[in-house]
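Working notes, beginning with the structure itself.
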Amino acid sequence: MSNLLAHLNEAQLAAVTLPAGHALILAGAGSGKTRVLTTRIAWLISTGQVSPQSLLAVTFTNKAAREMMTRLSAMLPINPRGMWIGTFHGLCNRMLRTHARDAGLSPSFQILDSSDQLSAIKRLLRAAGVDDEKYPPKNLQYFINQSKEAGLRAGAVEVFDDYNRRFVELYAAYDEQCQREGVVDFAELLLRSYELLERNQLLREHYQQRFRHILVDEFQDTNVLQYRWLKLLAGIDSSVFAVGDDDQSIYAFRGANVANMSSFEREFRVSNLIKLEQNYRSHGNILDCANALIEHNTRRLGKNLWTDAGDGEPVRVHEAFSDVLEAQWLVDEIRQLGRDGLERREVALLYRSNAQSRVLEHALFSAGIAYRVYGGLRFFERAEIRHAMAYLRLIDNPDDDGAFLRVVNFPARGIGTRSIELLQDAARRDSLSLARAAAVLTGGAAAKVGAFLSLVGRLREETARMSLADLVEHVVDRSGLIAHYATEKEGQERIENLRELVNAAVSFAAEEGFGSDMPASLGVARSFASESLGGAAPPPAPESFADAPDPMSDGALLLAASDAPADPLAVPQLSPLAAFLSHASLEAGESQAGEGQDAVQLMTVHAAKGLEFSAVFITGLEEGLFPHENSVAEVDGLEEERRLMYVAITRARSRLYLSLAQTRMLHGQTRYNLRSRFLEELPEGALKWLTPRVQAAASSYREGWGGAWEGVERSGNGFGRRGADNRSSGGSEPWRDTRRLPGSRSVDRDSDVGRADVTAVQAAARFDRGVPWRIGQTVAHARFGEGVIVGIEGQGADARVQINFGRQGVKWLALSVARLDPVN
DNA sequence: TCGGTTCAGAGTATT
DNA sequence: TCTGAACCGA
């Protein structure tokens, strides 16, 4: 055990060995966060303070959960598989499977990923005859997920207008459809689990007493519902150990609520707050940049990274004329790093948005430098894999309409839209699944759909006693998918992927301890016989849960079973096939092969979170790009961008490069960007400019841009149609006022000044005329709260500003009336 | 049912 | 500029 705690610094040691009680660990970038978390678990177990069954650790990604388990099994002679370590969704899934009946679900419910969900919504809208122009499926999806993540069922969503009322109706209809089909979307996993605990006192108390220690990773990324779920799970005797970094909160846009950190501190009366500030990753100059930058944010919990590794090299800054030249410079620099002995995989190129990768890829490709781009299609998202999974889903559950529609005519069987529509009408009329409604069809359509159904039925029978791996292989071979792709020009890769799916099943079975003699459809969860999912007996609505928590229900018994450490099945009663299906939905798989390859790593800054590299290039440091123009108009948007920059900087171990381009091709237009304000926020002393640092930007930009600049001049003296002239504004450095403006100025060579240009220019003009507000500025209003100025119009007594108040909406306010106070 | 054309939109993303 | 989705004609 002393071994366990060796090499921990003082703060880490204190965190790891905290006595029971709630704790918040503010773990800076590179401060050994994961190490503290896993060592804490190992310490708790090895000192006998908690049994492995009485501990729950939750992360956001499967990768993080795996990492935790790997490290744990290296520290302790235990198998962490049976422990409650996993993602929020994974743990909720587990809980719902165990208590499916109490949760009003079939124990083998299937999980919809985002695109399954979107198809389900489109199907719903079509069935309901809803105008999808007026109610775009994507918007409804967003609405539903938002509501669920706020813990709101359709009945609980407040609406004030007809438009949103319709959304609520559709939300309710969507939930009904899911319930009917026995499927559950991601947000539902959490909400259902939350409701289960909330309504079932016995279950809640059981888990509250069971989980003495609850550990949460990346706490700053939790959303409202996840936080409430944790609150529900934590009993009087539980200790919640939350690890996070408010400065690395970069997921507000997908619902993360940093405020959970301070709520946690307050609501749990956290007495132990420990800051991990010693950084083991980066050299001093890099940390100086990170610290100085993040200082510009307000409302931080407060933290300062330090290292004893020395200053290291300066942070290099390079300003190129164009995006193409920026890429060219990167290539040269990467080559030089290679000559200095640095491996390719130790070099990362980071960018704010995916669109920026193309130029970089082009340059790397031309130079013959191996690279790997993160993101893109993941394994289980590939069309051929989705098709195969649909066959598997139908074998497991014939009532899965989504799966039915995906493959009823794939490979093509001559079943057209017409037949499908007939089928859907019948299904709706009699409240049947599509497969069950097929009986109503007549003629050729009946024969064709019948052939499909008997194919699925045959596959189900043939595989009934097969192991999971054999089943998957059988289905891949006999579904007709392989034969279909064999006829396609580029089908070979798809066939290989299908073979890979068989491999995935083999390793999944091995990991889960499914022997090759164990039938995959063990306890065949539902065949046509399972009426509970059909139309006849509707499953209990979630609202009815509270009725009957029978202390000796199946759930309670299963609970005991799952407590037994010897139980090889993490999830009782789930067939290997159903387990594989849920595994595939919860874990989309690797995005690309070739991970072991020695290649330069290209990714967005978001994707880089949690990673580290010897050399990091942060590219495109321009106003409008980074910070992104869309973010500047959002409440707290700029601060989130700054945190993003902070994350980017702290990825680097010894070498950090910052680069920008004066002109960039974006959306088919050449844009002329200003240098990112973030560069101005870094300490001069830590930087080394590789290109002349241009102080009086206007004059030398003019030289550098040549003709392009003249284009601007022609279109209106350089500052837009309204005639505001920077050179006549009288200031000694007129540019300084505009350079802080958000949005890049874009110029259409032939005609006129681009839209973004006009906005910036107008703002500049207003600024020059003494309107004391600028776009991007955060202001406070007595009634609407805080907002961000996104537009300025008019002058003097007529001046109006457009402000985005977030939830309160975007409003135009007359400056002569509204009282605004600057924030910051 | 497929293949070409047209059009809109273009920010970050895990489960 | 480029991509993906929607649409139309053969």
Side-chain angles (χ1 to χ4, degrees), chain A residues 58-65 86-94 111-118 122 132-133 136-138 142 145 148-149 184-191 193 217-218 221-223 225-226 248-256 323-324 350-359 361-362 374-378 380-381 409-419 488 582-589 591 603-610 620 624-634 637 640-641 643-645 647-648 664-671 746 756:
Chain A
V58 63
T59 63
F60 278 85
T61 65
N62 292 300
K63 196 176 159 196
T87 62
F88 278 100
H89 294 86
L91 297 179
C92 288
N93 176 44
R94 187 163 171 177
I111 301 167
L112 299 186
D113 67 21
S114 314
S115 71
D116 293 332
Q117 185 189 31
L118 188 60
K122 285 181 180 165
D132 61 3
E133 296 256 306
K138 285 229 172 85
Y142 179 79
N145 292 337
K148 288 189 178 181
E149 280 168 18
V184 164
D185 62 50
F186 285 139
E188 182 73 20
L189 283 172
L190 272 151
L191 182 53
S193 169
D217 190 20
E218 304 278 16
D221 289 340
T222 50
N223 65 29
L225 184 56
Q226 286 158 341
Q248 291 190 72
S249 164
I250 56 173
Y251 284 115
F253 71 91
R254 68 170 199 212
D323 46 357
V324 175
L350 309 185
Y351 34 83
R352 173 67 237 271
S353 68
N354 286 303
Q356 289 166 251
S357 76
R358 194 180 310 139
V359 182
E361 285 188 68
H362 182 77
Y374 276 61
L377 261 198
R378 325 249 309 253
F380 284 103
E381 291 167 355
N409 195 37
F410 192 94
R413 306 184 169 82
I415 299 168
T417 336
R418 258 305 239 302
S419 316
E488 272 197 351
S582 78
H583 164 80
S585 305
L586 287 174
E587 169 135 39
S591 65
M603 66 191 86
T604 63
V605 179
H606 283 91
K609 190 178 170 214
L625 254 190
F626 201 178
H628 196 279
E629 55 198 352
N630 294 357
S631 298
V632 174
E634 286 162 11
E640 177 138 328
E641 292 286 305
R643 292 191 289 268
L644 197 52
M645 180 68 181
V647 167
R664 183 177 296 276
M665 187 66 104
L666 199 66
H667 307 331
Q669 283 197 319
T670 306
R671 306 187 12 149
S746 102

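Worth saying up front: this structure is predicted, and the values here are computed from it rather than measured. Side-chain atoms are counted along with the backbone in the values below, which use heavy atoms only and exclude waters and symmetry mates. Numbered from 1 within each chain, the chains take letters A, B, ... in sequence-line order.
- Listed by chain and residue number, nothing satisfies the ring-ring contact (aromatic ring centres under 6.0 Å, His included) test with A:Tyr351 (two or more places apart in sequence, or in another chain).
- Not a single side chain to side chain donor-acceptor pair (under 3.5 Å) links A:Arg254 to another residue, sequence neighbours left out.
- Judged as a ring-ring contact (aromatic ring centres under 6.0 Å, His included), and not counting sequence neighbours, the contacts of A:Phe253 are A:Tyr251, A:His606.
- Between A:Asp221 and A:Lys609 there is a salt bridge, since at least one side-chain N of the basic residue sits less than 4.0 Å from a carboxylate O of the acidic one.
- When the ring-ring contact (aromatic ring centres under 6.0 Å, His included) test is applied to A:His628, no partner is found at least two apart in sequence or on another chain.
- For the P atom pair drawn from B:dA13 and C:dG4, the interatomic distance equals 16 Å after rounding to whole Å.
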With sugar-phosphate taken as primed atoms, P, OP1 and OP2 and all else as base, the protein-contact string of nucleotides 2-10 of chain C at under 4.0 Å (heavy atoms; B, S, -) is S--------
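- Nucleic acid contact class of A:Asp185 (heavy atoms, under 4.0 Å, all strands): none.
- For A:Asn409 (side chain) and A:Gly414 (main-chain N/O), a donor-acceptor pair under 3.5 Å exists by modelled atom type.
- At distances below 3.5 Å, at least one donor-acceptor pair connects side-chain atoms of A:Ser585 with backbone N or O atoms of A:Ile111.
- Using a distance-only test at 3.5 Å, with no hydrogens or angles considered, no donor-acceptor pair links the side chain of A:Glu587 to the main chain of A:Asn62.
- Taking atom P on both nucleotides, C:dA5 is separated from B:dT12 by 16 Å, rounded to a whole Å.
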Protein-nucleotides 5-14 of chain B N/O pairs closer than 3.5 Å?
unit_1: B:dA10; atom_1: N3; unit_2: A:His667; atom_2: ND1; d: 3.3
unit_1: B:dG11; atom_1: O4'; unit_2: A:His628; atom_2: NE2; d: 3.3
unit_1: B:dG11; atom_1: O6; unit_2: A:Glu634; atom_2: OE2; d: 2.7
unit_1: B:dG11; atom_1: N1; unit_2: A:Glu634; atom_2: OE2; d: 3.0
unit_1: B:dG11; atom_1: N2; unit_2: A:Ser631; atom_2: OG; d: 2.1
unit_1: B:dT12; atom_1: OP1; unit_2: A:Asn354; atom_2: N; d: 2.5
unit_1: B:dT12; atom_1: OP1; unit_2: A:Asn354; atom_2: ND2; d: 2.9
unit_1: B:dT12; atom_1: O4'; unit_2: A:Arg352; atom_2: NH2; d: 3.0
unit_1: B:dT12; atom_1: O2; unit_2: A:Arg352; atom_2: NH2; d: 2.6
unit_1: B:dA13; atom_1: OP1; unit_2: A:Thr604; atom_2: OG1; d: 2.9
unit_1: B:dT14; atom_1: O4'; unit_2: A:Arg254; atom_2: NH1; d: 3.2

